[in-house]
Amino acid sequence: MKRPARYEQIAEMICQEIRNGKFKAGERLYSRNEIVQKFQVSPVTATRVQNALAGAGIIRKVRGGGIYTLPRKYSRLEDKLNQRNNCKLKKIVYLKINFSSQSGSLYQQKYIDAVKKAAKKAGIEYCENPISSSAVSEDLHSYFEIEDNTGYIVINMGTISTFYGAAALLDTSVRSVYVDGVITGSDSILADSFDAMRQMVDELIRQGCRRFIYAENFVLDSAGIGVAERYRGALFHTQAHGIRLELVDSGSYDDLLSAVRKNDCKTAVMFPQDTPAGIFLRMLKKEKIRHVTVSGFDHFSFLRNPPNIITVEPLFDIWADETIRLLNSVPQPLYRVRFLPMRLHVPENRD
């Protein structure tokens with residue numbers, strides 16, 4: 001039998017103290033700092049202890065007011081957790097990290113809209129829990145409480161997402177989905193960048209491109225772990241067609257311009273994101289270079305006036321259905337990773 005995690009062992013010890021009468025119903029229990037000192041663990045582990053007890057219905061957390069035992073009959077913590085895990089999903093909470101003006105994106109909104117639609121169809125309540133710098137208390141990891149029969153969604157925005165979503169993401173007993181990233185303790189959904197690059201390469205060849213350049217290190221902001229996968233996909237699929245993929249990895253647009261001027265054959269320049277692809281396209285027009293076709297990746301196809309680049313977009317209905325499916329299943333000791341499909345977007349009118 002697998003040995004319980006340290007936080008589960010401590011939670012069970014506290015349950016035993018409650019059963020033995022050390023704490024009566026409604027009495028104040030150990031604070032996070034007291035758990036750290038008493039059991040010699042980190043603050044993160046102490047928070048996981050509190051979340052496990054709260055999720056099992058054994059304690060009640062009052063923000064700014066402490067932790068209190070609840071008046072009920074206590075059985076073993078594992079039994080409480082198993083009972084909770086076997087219950088049907090009733091609510092989905094989107095932990096909306098919002099610490100800057102660039103925190104939201106059309107990509108995120110399209111995904112969330114699809115999740116709302118799928119949740120409504122499945123009869124599951126949906127709500128959002130905004131987390132911003134002005135609202136977060138000093139007890140960062142306990143900013144929100146883990147609820148029974150609830151699944152949590154966090155969209156990857158770098159370290160800040162894992163930090164403020166830690167209570168949901170790092171505890172394997174909590175149902176959670178991490179979007180556009182992978183983290184131990186949570187199920188994850190990612191774009192199938194490898195297959196998306198296959199679609200991109202096939203389309204560029206169909207349009208007559210015989211020379212391929214990949215613009216590595218042309219990324220303006222965090223694009224998740226899929227960036228490296230995009231390059232591997234481009235490399236594999238060009239080689240499968242017997243085409244050598246040239247690499248420009250300096251991050252310099254001037255270097256890219258020099259590279260495309262070396263040969264006037266039909267050339268494809270592939271970017272890992274749409275934003276730098278749009279920048280380069282404007283430079284090509286200014287320089288009157290017409291033998292180059294540009295591709296990107298970050299879903300500018302959703303914009304009202306997108307640049308004329310080949311790109312891909314997620315199939316958000318499929319992404320939402322898979323999110324519901326993962327959240328509606330019993331949490332697993334090992335996290336699950338799903339690579340989900342993308343759809344090629346080719347602009348109708350090209351200069």
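For reference, positions follow the sequence shown, starting with 1.
Between Ile309 and Ser295, every side-chain heavy-atom pair lies at or beyond the 4.5 Å cut-off.
Using modelled atom types and a 3.5 Å distance limit, the side chains of Gln37 and Asn33 yield no donor-acceptor pair. At a cut-off of 3.5 Å, with distance as the only test, a side-chain donor of Arg32 or Thr47 sits close to an acceptor on the other residue. A side-chain donor-acceptor contact under 3.5 Å links Glu203 and Gln207. Judged by distance alone, the side chains of Asn156 and Tyr178 do bring a donor and an acceptor atom under 3.5 Å apart.
Taking the six-membered ring where the residue is Trp, Phe236 and Phe194 present tilted rings, their angle falling between 30° and 60°. Between Phe316 and Tyr111, the two ring planes are tilted [angle within 30° to 60°].
Heavy-atom minimum distance, Asn263 versus His291: O-NE2, 3.0 Å. Nearest heavy atom pair, residue Glu34 against residue Leu29, reads OE1-O, 4.0 Å.
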*Show the numbers, then the answer: is there a salt bridge (charged side-chain N to carboxylate O under 4.0 Å, His left out) between Arg48 and Glu8?*
CA-CA 8 Å; Arg48 296 180 75 183; Glu8 293 175 321; over 6 Å; no
*asked:* Determine whether Ile92 and Ile324 satisfy the following criterion, side-chain contact (heavy atoms from CB on, under 4.5 Å), listing intermediate values before the conclusion.
replied: CA-CA 9 Å; Ile92 292 175; Ile324 300 295; 3.1 Å; yes
*Going through the checks in order, is the side-chain contact (heavy atoms from CB on, under 4.5 Å) test met by Ile310 and Leu344?*
CA-CA 8 Å; Ile310 300 171; Leu344 187 69; 3.8 Å; yes
*Where do Tyr7 and Gln50 land on the side chain to side chain donor-acceptor pair (under 3.5 Å) test, with the steps shown first?*
CA-CA 9 Å; Tyr7 80 92; Gln50 291 179 337; over 6 Å; no
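For Asn129 (side chain) and Leu95 (main-chain N/O), no donor-acceptor pair under 3.5 Å exists by modelled atom type. When atom types are taken as modelled, the side chain of Ser258 and the backbone of Asp254 share a donor-acceptor pair closer than 3.5 angstrom. In this structure, Gln199 contributes its side chain and Met342 its backbone to a donor-acceptor pair below 3.5 Å.
Taking the charged nitrogens against the carboxylate oxygens, Asp113 and Lys110 have no contact shorter than 4.0 Å, which rules out a salt bridge.
Contacts classified as salt bridge (charged side-chain N to carboxylate O under 4.0 Å, His left out) and involving residues 118-127 (residues at least two apart or in different chains) are not found.
To the nearest 0.5 angstrom, Met283 atom CE is 8.0 Å from Lys286 atom NZ.
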Could you list the donor-acceptor pairs under 3.5 angstrom formed between side-chain atoms of residues 239-247 and any protein atom two or more places apart in sequence or on another chain?
from: His241; atom 1: NE2; to: Asp202; atom 2: OD1; distance (Å): 3.0
from: Glu246; atom 1: OE1; to: Arg211; atom 2: NH2; distance (Å): 3.0
from: Glu246; atom 1: OE2; to: Arg211; atom 2: NE; distance (Å): 2.8

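Using a 4.5 Å cut-off between side-chain heavy atoms of Ile, Leu, Val, Met, Phe, Trp and Tyr, with links allowed through other members, Ile112 and Leu315 fall into different hydrophobic clusters.
With Lys91 as reference, Thr150 is the one residue of Thr150, Leu327, Asn149 to meet the side chain to side chain contact (heavy atoms under 4.5 Å, CB included) rule.
Taking the six-membered ring for Trp, Phe271 and Phe297 have ring centres at least 6.0 Å apart.
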